[in-house]
Each structure stands twice: as C-alpha cells, then as structure tokens.
Protein chains: 2
Amino acid sequence: MPKQVDYEERRRRIAEAVCVLAGDHGPEGVGLRDVAARARVSLGAVQRCFRSKEEMLLFAVGHVGERVLERVRAGEADGGDRPGRGGSAAAVLERAVTEVALLRAEHRSEARIWLAFVARAAVSPPLAEALRSSYAALEELFVRLVAEAATEAAHAEGRAAGSAAAHRREARALIALADGLTGHVVLGHLTEEEAGSTLRSQLAALRERLGGSAPSAGVPDCRT
Amino acid sequence: MPKQVDYEERRRRIAEAVCVLAGDHGPEGVGLRDVAARARVSLGAVQRCFRSKEEMLLFAVGHVGERVLERVRAGEADGGDRPGRGGSAAAVLERAVTEVALLRAEHRSEARIWLAFVARAAVSPPLAEALRSSYAALEELFVRLVAEAATEAAHAEGRAAGSAAAHRREARALIALADGLTGHVVLGHLTEEEAGSTLRSQLAALRERLGGSAPSAGVPDCRT
DNA sequence: CTTTATTCGATACGACTGTATCGAATACGA
DNA sequence: TCGTATTCGATACAGTCGTATCGAATAAAG
C-alpha cells in the first residue's frame, strides 16, 4: 500500500485555504491552483480530496457553518450553566445573536464568505440545501433561546409566556436582522459599533415585549 | 457621420439583459457574449457601451437600485397623499419596507441580483461604493418614514415622539431585517408568507414602541 | 526482494474568459 | 458627390479555468 494520509485533516486544511481565498476574492474567484498553493499541497491532491470544485466549496461552507454554530453553543454553555449569574437567558440570547451577526472585525472574513455563499446558493441548489440545513439548526436553537428568555421574563413578572409561534417569529426576525446587519457592515454602510447598537436596541425591545404587556420602567436602552 | 444610436436606451437594454442573466447565474457567471446575445446586439456594441465588464455591472446594479427606490417612493406617494385614508404613516412605512424586502415572487430575480451584488461588493470597492450610496438614500428615506409614523402615533396618544437617534436606529433595523429576510427567502429557508409574517409582526411591535410606553391593548398581531 | 495497489506531482487539454484590433458599412457635413 | 468620422460585426489573442491523464514514487503485503 502507498503512503497513507489523513484525508480528514487535509480536507480541513484545504477548506481553511478556500475560506481565506473566498473571503478575499469571492467563491467564484478562487481557483483550484490558488487553493492548492495556499494549502501547501499539489493540485492533484486537491483533486483527490474533492471530486469537483463544487464539492470543495460545499465542504468549505459547512466548515464555516460549524465553526459559527460551535461558537454560539459555546456562548450558550457559558451563560446557561449558571442561570443565576450575569448569564440570564436574555444575556445568552444576546450573546448568541451577536455571534451570529459576525460583527467583530476578527470575523469579518467569515462574514464575507458567508455572504458570498448565500448569494451563490441562489444559483447552486446543493449549496442552497447545505445552507438551509444550517439555518434550520440555527432557527431551532434561537427558538429555544427566545422561549427560555420569555419564560424567564414572564416568571419575573408573573405573566404567561407567549405562544411557540410567537417565539418562532421572534427567532426568525432576530436571525434575519443579524444577517442583514452582517451584510451592511461588510458593505461598509454601517460600522461595527452602529450595527451592534442597532442589534442591542432591538434586543432591548424584544425583552420588553417578552416580559408581557407591562412596559417595565427601567429597561437599559443603549444609546448610539 | 455614421448612423447615430440612442446610447442611453442601449445601455438600459444591456443592463436589463445583465439583470436577467445575473439572476440566473450570478454576476460572475455572466459573459459579455451572453449579455450581447440576450440584448440582441453584437459583442462589439456592448464593448462600446461599457469600457469594461466591471463598468457594465456597476451600471446594472444602479439600474436595479433605482427601480426599487422608485417603487418605494411610489408607494410613499400613494399612501402619503391622503393621510386620512388607509394610508397612515405606519401603513406607508409597512408598504415601503415590504417593497424593499423584495418578497414577492415577481421580484425574486431582483432579490437574487441584489444579494449577489452585495456579496460581490465585499470584493469590489467601486461596487461597494455604489451600493453604499443606495443604502444611504434608503436609510434617510426610512428615517423620515419612521419619524412620521412616530409623530403620528405620539399625537394619537398625546405623548412625545422618540429622539431622532432612536428613529435612525429603528430605520436601520428595519432595512437590515428586510435584507435578511430577502436572503432567507431567496435561499428557500423561509417562504414568502413566513417572511411577510415575520416582517409584519416586527412592524406591529415597532408601532407599539413608537406609540409611547402605553402597551395598547388591542394591537392587531398577525398570526402565522 | 518482489509484487501490487495507491498516491504523488506534473502536465495536457479543451473550453471558456475579457479585451484588442481591424476592415467594411454607414450617414452626415461640405 | 465626395470625404470623413463613427459604428458596425467579426475575429484574434492571451490568459485562466476545471478536469483528465500519466508515469514515477511509495509503502504495505506476500
């Protein structure tokens, strides 16, 4: 038998290279040769790892999606384990949506890649399918977070939490808002701070809503 | 002199062809030859109209942006002229944001194009500049609409309208929400109806917020 | 050591791409 | 009517793309 290689590790490394290049030139702008050079492997190696370019891009977008979802879950665990500390359900939700929005400069590259892949998905059905499953998982996670925040708020004020349908609508709105803000920051229409402020103000409004009909005098509204 | 042609008309026709093709294969996927064939002109004619492909794409995205903004303004005029009818400021705002979200199936192509161009703008600075100016205009328009809706609601309840900064934040959130929903519909993660419902429920929440701190018992919440 | 299955890097190929060039056709000004 | 400036469509060109192919190198099995 020939020299045995760790294909998984290699695929990951190639995916990493794809991400870097796709962030700089868009998914269509990356060539297999550039990827190979960036990943320090030969063109043939790339070809043996992925049957086609499309398959490579598919793997790469899954890679990014997993990383983001992983960070979201990590933030959930940090705040959710000790529900008495500063990590209330509302705080966990805020951290999650901030993570998804990819506002921080260090994640700007991921934001560009994600945006580019979403756009390309409008053309490539298999890519669309991959992204749909990512969003489906994200939505379920957010529905749960919203519901938890709602019961928390409702319990504090002695009211009933909203319906599951309402929670789902709020979750969808949050994800869409985060995605939209991501695009606006990548575009340069909004700065990182402006987008963050917008996001936080909407979260504050959501908290008020979830608490029941009581307007709640002292909600900390974030000015900017 | 040679046969004189209407360049403006030709550029528009070419831009139309670019839009159709870019909607199907993405902006990178359109070739000058395909554009020429679609617009029923020769390759040379396209080259004479636009110095380069980039310039052509720039013109095309401006074309789309103008069409959308035009529709938004048209909806504004329809509802704003008679502020006693069903066209309250809030209704005008709703129509505007719905138009921007490009949810209707007949505008799906425009939605795909816009998404693709936003993604490409992350790579092409001149394209980003063009889109930024489009968003800047859109934001000013929405700030105005939100402010009008706020004064309307505040007057009805005898309270003071919010600050200009608050209105701007709401406007930005609305645009981002609309953009995010556009993407989710194009992707197939949400149906047109789901996105519309999400949008309307957020608008209802915004109306409550703008009315002052009174929770207002009978706001028509739209279930889905 | 020999055999054999597998991976290696390189190179070849055909199909595009955007751009440049060019002679013919055209229609106005003199 | 002649001259000329301009537009026309076609073709040439250099480059890149993704993919296919191929002999050499490699390492486990017999």
Side-chain angles (χ1 to χ4, degrees), chain A residues 1-15 17-61 116-117 119-121 123-127, chain B residues 1-15 17-61 116-117 119-121 123-127:
Chain A
M1 294 289 179
K3 141 166 70 172
Q4 57 187 12
V5 301
D6 184 353
Y7 274 86
E8 283 311 306
E9 194 273 345
R10 173 166 296 182
R11 285 164 75 97
R12 261 195 304 263
R13 187 136 68 96
I14 292 177
V18 170
C19 288
V20 172
L21 295 174
D24 288 349
H25 315 101
E28 337 265 349
V30 313
L32 295 187
R33 290 162 179 84
D34 310 322
V35 172
R38 190 69 167 72
R40 318 277 283 185
V41 296
S42 73
L43 174 58
V46 177
Q47 289 186 276
R48 224 162 298 106
C49 276
F50 303 102
R51 227 179 301 278
S52 70
K53 180 182 181 180
E54 182 90 9
E55 189 178 311
M56 184 183 73
L57 293 177
L58 231 67
F59 183 87
V61 71
F117 278 127
R120 187 185 163 92
V123 176
S124 159
L127 222 176
Chain B
M1 295 285 181
K3 136 168 74 172
Q4 58 187 10
V5 301
D6 183 353
Y7 274 86
E8 283 311 308
E9 193 273 345
R10 173 167 295 184
R11 283 164 76 98
R12 261 195 303 264
R13 189 136 68 96
I14 292 177
V18 170
C19 288
V20 172
L21 294 173
D24 287 350
H25 315 99
E28 338 263 352
V30 312
L32 296 187
R33 291 163 178 82
D34 309 322
V35 172
R38 191 68 166 75
R40 319 277 282 188
V41 297
S42 72
L43 173 58
V46 177
Q47 288 186 276
R48 227 161 297 107
C49 276
F50 303 102
R51 226 179 300 279
S52 70
K53 181 181 180 178
E54 182 90 9
E55 189 179 310
M56 183 182 74
L57 293 178
L58 233 67
F59 183 87
V61 72
F117 277 127
R120 188 186 162 93
V123 175
S124 159
L127 221 178

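The sequence lines fix the lettering, A, B, ..., with proteins before strands; numbering per chain opens at 1.
Distance CZ (Arg48(A)) to C1' (dT26(D)): 13 Å, rounded to an integer number of Å. Computed from coordinates, the Leu21(A) CG to dC17(D) P distance equals 11 Å when rounded to whole Å. The distance from atom CZ of Arg40(A) to atom C1' of dG9(C) is 16 Å, rounded to the nearest whole Å.
For residues 23-42 of chain B, the pairs satisfying side chain to side chain donor-acceptor pair (under 3.5 Å) are Glu28(B)-Arg120(B), with sequence neighbours left out.
Here Arg13(B) contributes atom CZ and Asp6(B) contributes atom CG; the two are 10.5 Å apart, rounded to the nearest 0.5 Å.
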Q) Is there a side chain to side chain contact (heavy atoms under 4.5 Å, CB included) between Leu57(B) and Phe117(B) once you walk through the steps? A) CA-CA 9 Å; Leu57(B) 293 178; Phe117(B) 277 127; 4.0 Å; yes
Q: Summarise protein proximity over nucleotides 14-20 of chain C in one line of letters, 5' to 3': B for base, S for sugar-phosphate only, - for none, counting protein heavy atoms closer than 4.0 Å.
A: ---BBBB
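Gly26(B) and Val123(A) get closest at one heavy-atom pair: N-CG2, 3.7 Å. Counting all heavy atoms, side chain and backbone alike, Cys19(B) lies closest to Ala60(B) at SG-O, 4.2 Å. Closest of all the heavy-atom pairs between Ala119(B) and Ala119(A) is CB-CB, 3.7 Å.
Interface residues of residues 6-13 of chain B facing DNA chain D, ordered by number: Tyr7(B), Arg10(B); criterion, heavy-atom separation under 4.0 Å.
The side-chain heavy atoms of Glu8(B) and Arg11(B), taken from C-beta on, include a pair separated by under 4.5 Å. Lys53(A) has its side chain within reach of Val30(A): a pair of non-hydrogen atoms, C-beta onward, lies under 4.5 Å apart.
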